[in-house]
Amino acid sequence: MNKQSQWKSSTGFILASAGSAIGLGAMWKFPYMAGIYGGGAFLLMFLVFTIFVGLPLLMMEFTVGKMGKTYTTKIYEKLTKKKWLNIIGWNGNLAVFILFGFYSVIGGWIIIYILNVAFQIVTFSDNTLGSIKFESIIGNPWLTITGQGIFILLTMIIVMMGVEKGLEKASKFMMPLLFIFLIIIVIKSLSLEGSIEGLKYILQPRLKDISMEGVLFALGQSFFTLSLGTTGMITYASYASKEMTIKTSAVSIVGMNILVSILAGLAIFPAIAAFGYNPTEGPGLLFKVLPQVFDQMAYGQGFYFIFLILFLFAALTSSISLLELNVSNFTKNDNSKRKAIAIYASILVFIISIPATLSFSSLSGIQFGAGTIFDNMDFLVSNILMPLGALGTTLVVGQLLDKNDLKTHFGTDRFKLFMPWYYLIKFILPVVIVLIFVAQFI
Ligand code: PFF
């Protein structure tokens, strides 16, 4: 069989690409980045980048996928007749590969927390959620390696089942449920004594907190949450049916992502202030703070358990898009190879994820560049490979593709968005990405 898989409906496409976008980026990474880079100042920079850079780039990736309709290590050649431009697809492939490597570390933590809380529940343990000690969990190499192995295995099984059979149906109720849970956590968090300082921290932008590093990481965060520059979104759009609407899909995904990021911020920062945590805790922030919040609720263990399942679901809908990109590039639309490639890619990801997980235990002493091995993997992907990939695609779209052809695939243009979007991609965004990219090396 040699054909491009398709989603049956455009809702399927939106659900899957929203699933790819909304995951650990908004819920786990946004709060800890905002904690390090100035709270409200970071939120403001993130919003500006997401709306003015991320949204047009997402529309661009959808348009390219819809036009090219093939895997992303071929699509650039197909659209421009220049084979060497497929390097942009390979850059994306490398990015998701490394990304999956460190993403699975956090996925593994969620699984360990789920098992921990389940154990408390079934043994009617009087232990409170506050007894879950983050440091002793992530400091245990075998436990964390097992957790991430399970996460990768779950992802692999879902991808082996094929794209249209994925989690689309489930996400119709899992995602709204996740929103509801986030809102409950926000309410609880805001009701804690001393929470107001945290609320101010995340909502009040203080200009003095804006640093060049913060600007870079805010841009990286926009790329990360919207899965941009990896060509992951191009892959999903290449599976979509002709009826998919680029603007509506992109706007709704960006809107949901911003909403989840803000809700995560509102859930975490008031609690940080109330419990006296340091906002610059780093990657463990969410895992340290949330058990304390649920501990304050009636039936806290049960609610926390459900929340963790929803959180795992959101992480899985993102990780399947990471593996899916590798699978589609290596099967080259030949679905008979799907299972074998999913297995090989997962084994390789598992191997590279081991140093990432050990960055929190036995290899924590190895520090260079952006920090630990884990930090460097994240930096390489979010701040280098993703912006480079997005830059490459803006250059292809703005300089090489036919404007009328783009316009046709952009779809009906009731609000006359095509021309501003096109000029943004052609002239402004490449310059913005280059400037910010170069700034980090100065
Ligand atoms: N956007 C995902 C998240 O925020 O968790 C991460 C991601 C998924 C990035 C897929 C890139 C990608 F291709």
Side-chain angles (χ1 to χ4, degrees), residues 15-34 46 49-50 54-55 57-58 61-62 64-65 71-73 88-107 109-110 151 155 158-159 163 166-167 171 175 178 217-239 250 253-254 256-264 283 286 310-329 345 349 377-390 393:
L15 285 173
S17 35
S20 162
I22 299 167
L24 298 179
M27 285 190 284
W28 156 78
K29 199 171 173 202
F30 174 77
Y32 101 73
M33 285 276 149
F46 168 73
F49 284 137
T50 305
L55 178 61
L57 289 180
L58 189 59
E61 294 210 356
F62 284 166
V64 170
Y71 53 97
T72 60
T73 47
I88 306 168
W90 286 111
N91 171 81
N93 207 122
L94 177 67
V96 288
F97 194 69
I98 303 172
L99 204 157
F100 194 10
F102 69 84
Y103 209 81
S104 61
V105 173
I106 314 301
W109 293 356
I110 304 176
F151 184 77
T155 310
I158 298 164
V159 170
V163 70
L167 305 183
S171 58
M175 283 297 178
L178 186 63
F217 278 92
L219 181 71
Q221 178 63 17
S222 301
F223 279 95
F224 191 94
T225 40
L226 294 176
S227 314
L228 292 170
T230 58
T231 67
M233 288 304 199
I234 298 182
T235 308
Y236 271 15
S238 78
Y239 293 149
I253 289 166
V254 167
M256 282 190 268
N257 228 314
I258 290 180
L259 190 66
V260 175
S261 302
I262 293 180
L263 285 177
L286 180 105
L310 296 169
F311 191 26
L312 177 67
F313 180 85
L316 279 171
T317 51
S318 301
S319 65
I320 57 171
S321 75
L322 295 168
L323 187 56
E324 182 60 45
L325 183 90
N326 276 284
V327 169
S328 84
N329 279 337
V349 166
M377 285 166 83
D378 185 4
F379 183 83
L380 176 63
V381 172
S382 309
N383 295 33
I384 297 187
L385 298 177
M386 287 177 143
L388 272 184
T393 310

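None of the values given here were measured: they were computed from a predicted structure. Order of appearance sets the numbers: ligands from 1, and atoms from 1 within every ligand. We're numbering straight along the sequence, starting at 1.
When every heavy atom of Lys29 is checked against every heavy atom of Ser382, the shortest pair comes out as NZ-OG, 3.1 Å. Of all non-hydrogen atoms in Ser17 and Met233, the two that sit nearest each other are O-CE, 3.3 Å.
Side-chain contact between Trp28 and Tyr103 is absent, with no heavy atoms from C-beta onward closer than 4.5 Å. Counting heavy atoms from C-beta on, the side chains of Phe30 and Val260 never come closer than 4.5 Å.
Evaluation of the side chain to side chain donor-acceptor pair (under 3.5 Å) rule for Ser328 yields no partner, not counting sequence neighbours.
Taking the six-membered ring where the residue is Trp, Phe151 and Phe100 present perpendicular rings, their angle passing 60° and hence far from 30°.
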Nitrogen or oxygen contacts under 3.5 Å, ligand 1 side and protein side:
{"from": "ligand 1", "atom 1": "1 (N)", "to": "Ser20", "atom 2": "O", "distance (Å)": "3.2"}
{"from": "ligand 1", "atom 1": "1 (N)", "to": "Ala21", "atom 2": "O", "distance (Å)": "3.0"}
{"from": "ligand 1", "atom 1": "1 (N)", "to": "Phe224", "atom 2": "O", "distance (Å)": "2.7"}
{"from": "ligand 1", "atom 1": "1 (N)", "to": "Thr225", "atom 2": "O", "distance (Å)": "3.1"}
{"from": "ligand 1", "atom 1": "1 (N)", "to": "Ser227", "atom 2": "OG", "distance (Å)": "3.0"}
{"from": "ligand 1", "atom 1": "4 (O)", "to": "Ala21", "atom 2": "O", "distance (Å)": "3.0"}
{"from": "ligand 1", "atom 1": "4 (O)", "to": "Gly25", "atom 2": "N", "distance (Å)": "3.1"}
{"from": "ligand 1", "atom 1": "5 (O)", "to": "Leu24", "atom 2": "N", "distance (Å)": "3.0"}
{"from": "ligand 1", "atom 1": "5 (O)", "to": "Gly25", "atom 2": "N", "distance (Å)": "3.0"}
{"from": "ligand 1", "atom 1": "5 (O)", "to": "Tyr103", "atom 2": "OH", "distance (Å)": "2.3"}

